[in-house]
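The structure under discussion appears below in the form of structure tokens.
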Amino acid sequence: MILLDGKQTSADIKVEIAAAVSEIKNQGKRAPHLAAILVGTNGASMTYVGAKVKACELVGFDSTLIDLPVETTEETLLAQIHTLNDNPAIDGFIVQLPLPKHIDEQKVLMAVHPDKDVDGFHPMNVGRMALDLPTFLPATPYGIMELLERYKIPTSGKQVVVIGRSHIVGRPMSILMSQKRPAGDATVTIAHSRTTNLAELTLEADIVVAALGIPEFLTAEMVKPGAVIIDVGITRVPDETKKRGYRIAGDVHFESVAEKASYITPVPGGVGPMTIAMLLKNTLLACERHAANSFI
Ligand code: GUN
């Protein structure tokens with residue numbers, strides 16, 4: 001079994017991005033600038049946004065964190081988004097999800113200008129992705145594609161089962177892997193909570209992408225020997241032996257599945273760090289387009 005090391009791969013990508021930033025600065029241009037809006041105090045969201053800001057510093061990007069209280073109205077949030085849309089110093093920005101229940105997520109995602117939508121969540125960018133047009137790919141699926149490509153894992157003609165149909169991971173993952181592109185050309189099945197014969201499907205799969213958000217759901221009995229396993233789960237599971245009171249669990253029962261898999265992503269250190277690296281890559285792309293005045 002070979003570990004798909006997202007920590008190392010993302011570090012490699014960050015070195016590549018930092019080199020591109022140096023080049024931009026050498027040309028007398030300003031650094032790429034990413035902004036993030038965080039509403040409320042969701043612990044996991046605070047951790048993720050903090051990691052995104054730290055990653056910006058590491059590669060030489062400017063970053064702005066807009067921290068709004070949980071009671072922020074939808075109107076105030078939309079006004080903040082319009083301010084970022086109109087600010088020429090900002091290349092791209094994200095609104096960290098989930099949002100508090102009183103805010104309409106769809107309305108918010110649609111308010112982000114597609115040229116600054118480095119999460120790739122705006123319907124226009126989702127449509128462009130589905131049609132294989134240049135766009136910002138959503139960072140988690142993009143990170144998985146990059147990991148498969150860099151490890152030269154064959155995907156053409158392979159059977160892939162994606163478990164989970166979320167707009168952020170499962171759905172775009174299924175679209176990308178079925179397309180004619182690096183890490184694509186696969187035959188993809190998308191499974192979800194209403195799938196009745198899941199183990200039958202996963203037992204046939206050459207590649208399984210587990211993105212359903214249930215800790216240690218995928219067990220060894222469900223996996224074909226030699227399969228490639230991508231674990232997108234990051235759930236906080238209470239654990240009193242840990243100082244912080246919880247551990248991070250993936251959607252895959254790593255111990256048992258690792259024995260059968262040819263390649264597997266660990267949690268943490270697999271897909272998570274790749275997501276951040278690809279958000280940086282999208283921001284760099286947004287900055288380059290911005291400088292060249294050539295938007296999508
Ligand atoms: N919440 C979980 N994943 C993501 C992501 O990729 N982007 C944003 N904005 N929020 C998230």
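Counting starts at 1 for both ligands and their atoms, following the listed order.
- Taking the centre and axis of the six-membered ring of F136, the NZ or CZ atom of R128 falls outside the cone set by 45° and 6.0 Å.
- In this structure, V112 and F121 have side chains that are not in contact, with every pair of non-hydrogen atoms separated by 4.5 Å or more.
- Using a 4.0 Å cut-off between charged nitrogen and carboxylate oxygen, E74 and K107 count as a salt-bridge pair.
- Residue I24 comes nearest to R30 through the heavy atom pair CG2-O, 3.3 Å, listed as atom of the first residue, atom of the second, then distance.
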Show me, pair by pair, the donor-acceptor contacts under 3.5 angstrom made by side chains of residues 156-170, not counting sequence neighbours?
{"from": "R165", "atom 1": "NH1", "to": "H192", "atom 2": "ND1", "distance (Å)": "3.4"}
{"from": "S166", "atom 1": "OG", "to": "V169", "atom 2": "N", "distance (Å)": "2.9"}
{"from": "S166", "atom 1": "OG", "to": "G170", "atom 2": "N", "distance (Å)": "3.3"}

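- The neighbour count for E204 CD, taken as heavy atoms of other residues, nucleotides or ligands under 6.0 Å away, does not exceed 12.
- Listed by chain and number, residues touching ligand 1 at under 4.0 Å (heavy atoms only) are K52, V95, Q96, L97, D119, F121.
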